Colleague: 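Structure provided below as structure tokens; questions to follow.
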Amino acid sequence: MLRPDVGSDGLAIVFSHAEEKMGGIVNLGVFVADVAFRATRQPRIGETLIGSGFALGPGGKGSNQAVAAARLGASVSFVSSLGDDSFGKMALELWERESIRFIGNIDPESFTGAAYIFVNEVTGDNAIIVVPGAGDNVSPEHVESVQSEIKAADLFMTQLETPVETARRGLQIAKDAGIRTFLNPAPAAPLDDGIISLCDYLTPNEAEAADLTGQSVSTVEDAAHAASLLRKRGAGTVIITLGEKGAYFDDGTERCHIEPFSFAPVVETTGAGDSFCGAFAHAIITGMDPLQSVRYACAAAGISVTRKGTAPSMPTFDEVENLLSRR
């Protein structure tokens, strides 16, 4: 099994080939193994269905977003925790292939997370249950131990598959150091104004925006209202992803709906949100303005839904550039 050199503090830099790179993206998140089943519908309680497909592959929102950004050319460091098991080996091998620098710990007392993913074989829509495993044990102290990495980054990004207080500590360290901050509030969880105000970029989807605001979000107009409410709570720029309807952007000065890059047929939507987030992060640190970055992210997400899987569906730099050049 691939093993890092683990210090007395339990932390390790696993792949040193990227050590000379400074800046880039530091991503705090979770890796899980995606266990995906395809069928026409989900079974009812007590019912067994015959499915049409099965796949086991790398996933986890943080890891997926790290892969999405790295595949587009960003330098990415990933803060997380893995179990000492076969799924952990899958994670380490993935990050090595994608030139992602892992800064975290191997926890022999826990296990690497996993996600059950149901994919509707007709529509490509999905439903997911995530068990973060060792990733759920990533603590604020873990984040503090890598704060020098965060302070040297161009962008700090995180999600909510680690504990909320861990995400908060990472955002606070970055904010205090003047580093741009990005929160994808998924899976949905209650957030106070204190953590929302730490976010230069906040990217909920429709369901997450509804949970955060207590308002239904099903139309572009609903998204505009929700974005305004989240900005009033302290978020810098709010980008609400709307699936097949694109995204809504509000930075307090400019407010607009960004049309999607639509493809047919849609194969699977599971990785689209993570592709969007990783591509947006890459675009921001390469100098695009936020609105351009949203359009770039929509293009990446549009490509990802034409493929099966999560991390495997993330497009390359050339693929996104070729798509944008045709529009």
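These numbers were taken from a predicted model, which means no experiment stands behind them. All heavy atoms count here, side chains included; hydrogens, waters and symmetry mates do not.
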Colleague: Specify the closest pair of heavy atoms between D107 and A134, including all atoms of both residues, with the distance to one decimal.
Modeller: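 For D107 versus A134, the nearest heavy atoms are CB-CB, 4.4 Å.
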
Colleague: In a check of side chain to side chain contact (heavy atoms under 4.5 Å, CB included) between F156 and each of L28, L198, I173, which one passes?
Modeller: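 When L28, L198, I173 are each tested with F156, the side chain to side chain contact (heavy atoms under 4.5 Å, CB included) holds only for L28.
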
Colleague: Holding to side chain to side chain donor-acceptor pair (under 3.5 Å), I want the full list of residues that pass it with S228, two or more places apart in sequence or in another chain.
Modeller: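 In terms of side chain to side chain donor-acceptor pair (under 3.5 Å), with neighbours along the sequence ignored, S228 is linked to no residue.
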
Colleague: What orientation do W95 and F31 show, parallel under 30°, tilted 30 to 60°, or perpendicular over 60°?
Modeller: perpendicular

Colleague: Testing T241, I239, N184, L183 one by one against C277 for a side chain to side chain contact (heavy atoms under 4.5 Å, CB included), which residue passes?
Modeller: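 One option only clears the test, and that one is N184.
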
Colleague: Please check this pair: side chain of D84 against backbone of P108, looking for a donor-acceptor N/O pair closer than 3.5 Å.
Modeller: no

Colleague: Does V320 form a side chain to side chain contact (heavy atoms under 4.5 Å, CB included) with L72? I'd like the steps, not just the answer.
Modeller: CA-CA 8 Å; V320 176; L72 292 167; 3.8 Å; yes

Colleague: Treating Ile, Leu, Val, Met, Phe, Trp and Tyr as nodes and any side-chain heavy-atom pair under 4.5 angstrom as an edge, say whether I284 and I258 lie in one connected cluster.
Modeller: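 Yes; I258 is reachable from I284 via cluster members.
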
Colleague: If Ile, Leu, Val, Met, Phe, Trp and Tyr residues are connected whenever their side-chain heavy atoms lie under 4.5 Å apart, and connections chain through other members, are I129 and L49 in the same group?
Modeller: no

Colleague: Considering only Ile, Leu, Val, Met, Phe, Trp and Tyr, and joining two whenever side-chain heavy atoms are under 4.5 Å apart, list the other residues clustered with I45.
Modeller: none

Colleague: With sequence neighbours left out, what residues match N27 under side chain to side chain donor-acceptor pair (under 3.5 Å)?
Modeller: Q159

Colleague: So, does D250 use its side chain to make a donor-acceptor pair with the main chain of V238 at under 3.5 Å?
Modeller: no

Colleague: Quick one: does any side-chain atom of T166 pair with a main-chain N or O of V138 as donor and acceptor, under 3.5 Å?
Modeller: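 Yes.
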
Colleague: Which residues pass the side chain to side chain donor-acceptor pair (under 3.5 Å) test with T310, sequence neighbours left out?
Modeller: D34

Colleague: Sequence neighbours left out, what passes side chain to side chain donor-acceptor pair (under 3.5 Å) with T316? Give chain and number order.
Modeller: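 Side chain to side chain donor-acceptor pair (under 3.5 Å) check on T316 returns E319.
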
Colleague: Other hydrophobic cluster members with V32, side-chain heavy atoms of Ile/Leu/Val/Met/Phe/Trp/Tyr under 4.5 Å, chained?
Modeller: V30, I117, V119, I128, V130

Colleague: Under 4.5 Å between any side-chain heavy atoms of T237 and R231, yes or no?
Modeller: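 The answer is no; the side chains never approach within 4.5 Å.
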
Colleague: Would you find a donor on one side and an acceptor on the other, under 3.5 Å apart, between the side chain of S80 and the backbone of G135?
Modeller: no

Colleague: Tell me whether M90 shares a hydrophobic cluster with V67, the cluster being built from Ile, Leu, Val, Met, Phe, Trp, Tyr side chains joined at under 4.5 Å.
Modeller: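 In one cluster: yes.
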
Colleague: Check whether the ring centres of F37 and F54 lie less than 6.0 Å apart, and answer yes or no.
Modeller: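 Yes; F54 has its ring centre under 6.0 Å from that of F37.
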
Colleague: Hey, is E268 close enough to R307 for a salt bridge, meaning N to O under 4.0 Å?
Modeller: no

Colleague: Of E149, E144, K151, which is the lone residue that meets side chain to side chain donor-acceptor pair (under 3.5 Å) with Q147?
Modeller: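 Single pass found, and it is K151.
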
Colleague: Closest heavy-atom contact between A74 and I285?
Modeller: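 Heavy atoms only, the tightest pair is CB-CD1, 4.1 Å.
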
Colleague: One pair to check against side chain to side chain contact (heavy atoms under 4.5 Å, CB included): T158 and L171. What are the steps and the verdict?
Modeller: CA-CA 8 Å; T158 190; L171 291 164; 4.2 Å; yes

Colleague: Counting neighbours of CD on E244 that are heavy atoms of other residues, nucleotides or ligands and sit closer than 6.0 Å, is the number greater than 12?
Modeller: no

Colleague: So, for F261 and C298, which heavy atoms are closest and what is the spacing to 0.1 Å?
Modeller: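 That closest heavy-atom pairing would be CD1-C, 3.7 Å.
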
Colleague: May I ask you to decide if R44's main-chain N or O and E47's side chain share a donor-acceptor pair within less than 3.5 Å?
Modeller: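 Indeed, once roles are kept as given, a pair shorter than 3.5 Å links the two residues.
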
Colleague: Is there any side-chain hydrogen bond (donor to acceptor under 3.5 Å, both in side chains) pair reaching into residues 291-302, and which pairs are they, with sequence neighbours excluded?
Modeller: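 Residue pairs passing side-chain hydrogen bond (donor to acceptor under 3.5 Å, both in side chains), neighbours aside: none found.
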
Colleague: Determine whether more than 12 heavy atoms belonging to other residues, nucleotides or ligands lie under 6.0 Å from atom NZ of K175.
Modeller: yes

Colleague: Output the distance between atom CD1 (I100) and atom CG (L94), rounded to the nearest 0.5 Å.
Modeller: 6.0 Å

Colleague: Identify, with sequence neighbours excluded, every residue that meets ring-ring contact (aromatic ring centres under 6.0 Å, His included) alongside F280.
Modeller: F182, Y201

Colleague: T219 and D222: side-chain donor and acceptor closer than 3.5 Å?
Modeller: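 Short answer, yes.
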
Colleague: In Å and rounded to the nearest 0.5 Å, what is the CG to OG1 distance from L160 to T162?
Modeller: 7.0 Å

Colleague: Return the minimal non-hydrogen interatomic distance between L324 and A299, and the atom names on each side.
Modeller: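 Heavy atoms only, the tightest pair is CD2-CB, 3.9 Å.
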
Colleague: To the nearest 0.5 Å, what is the distance between CG on N64 and OG on S275?
Modeller: 9.5 Å

Colleague: Let's go through R180 and D200 carefully: what are the C-alpha distance in whole Å and the side-chain angles of both, what is the deciding distance for salt bridge (charged side-chain N to carboxylate O under 4.0 Å, His left out) to 0.1 Å, and is it a yes or a no?
Modeller: CA-CA 6 Å; R180 288 171 290 184; D200 292 322; over 6 Å; no

Colleague: Answer yes if the side chains of S81 and N137 hold a donor-acceptor pair under 3.5 Å, and no otherwise.
Modeller: no

Colleague: Are F276 and V267 grouped together when hydrophobic residues (ILVMFWY) are joined by side-chain heavy atoms under 4.5 angstrom apart?
Modeller: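 No, no single cluster joins them.
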
Colleague: Could you check whether the rings of F78 and F102 sit parallel, tilted or perpendicular, using 30° and 60° as the cut-offs?
Modeller: tilted

Colleague: In Å, rounded to the nearest 0.5 Å, how long is the span from NE2 of H282 to CG of L155?
Modeller: 12.0 Å

Colleague: Under the salt bridge (charged side-chain N to carboxylate O under 4.0 Å, His left out) rule, what pairs show up with a residue in residues 59-79, not counting sequence neighbours?
Modeller: R71-E98

Colleague: Give me the atom names and distance for the closest heavy-atom approach of P315 to A300.
Modeller: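 Heavy atoms only, the tightest pair is CG-O, 3.7 Å.
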
Colleague: What residues, two or more places apart in sequence or in another chain, satisfy ring-ring contact (aromatic ring centres under 6.0 Å, His included) together with Y248?
Modeller: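 Y248 satisfies ring-ring contact (aromatic ring centres under 6.0 Å, His included) with no residue once adjacent residues are dropped.
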
Colleague: Which pair of non-hydrogen atoms, one from A297 and one from A279, has the smallest distance, and what is that distance?
Modeller: CA-CB, 3.8 Å

Colleague: Group every Ile, Leu, Val, Met, Phe, Trp and Tyr by side-chain heavy-atom contacts under 4.5 Å, then state whether L229 and V220 land in the same group.
Modeller: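 In one cluster: no.
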
Colleague: Would you give the length of the straight line joining atom CG of L202 to atom CD of E208, rounded to the nearest 0.5 angstrom?
Modeller: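 Spacing of CG (L202) from CD (E208) equals 9.5 Å.
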
Colleague: State the CZ-OG1 distance between F118 and T270, to the nearest 0.5 angstrom.
Modeller: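 If we round to the nearest 0.5 Å, F118:CZ and T270:OG1 are 10.5 Å apart.
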
Colleague: Answer yes when R41 and E121 have at least one side-chain N-carboxylate O distance shorter than 4.0 Å, and no when they do not.
Modeller: no

Colleague: So, T286 side chain and A283 main chain: donor-acceptor pair closer than 3.5 Å or not?
Modeller: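 Such a contact is found between T286 side chain and A283 backbone.
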
Colleague: If you group Ile, Leu, Val, Met, Phe, Trp and Tyr whenever their side-chain heavy atoms sit less than 4.5 Å apart, what else falls in with V131?
Modeller: F111

Colleague: Would you please name every residue forming a salt bridge (charged side-chain N to carboxylate O under 4.0 Å, His left out) with D193, sequence neighbours left out?
Modeller: R233

Colleague: Mind running side-chain hydrogen bond (donor to acceptor under 3.5 Å, both in side chains) on S139 and H142 for me, showing each step along the way?
Modeller: CA-CA 5 Å; S139 67; H142 280 103; 2.9 Å; yes

Colleague: Where do R169 and E141 land on the salt bridge (charged side-chain N to carboxylate O under 4.0 Å, His left out) test, with the steps shown first?
Modeller: CA-CA 9 Å; R169 186 66 188 122; E141 290 72 27; over 6 Å; no

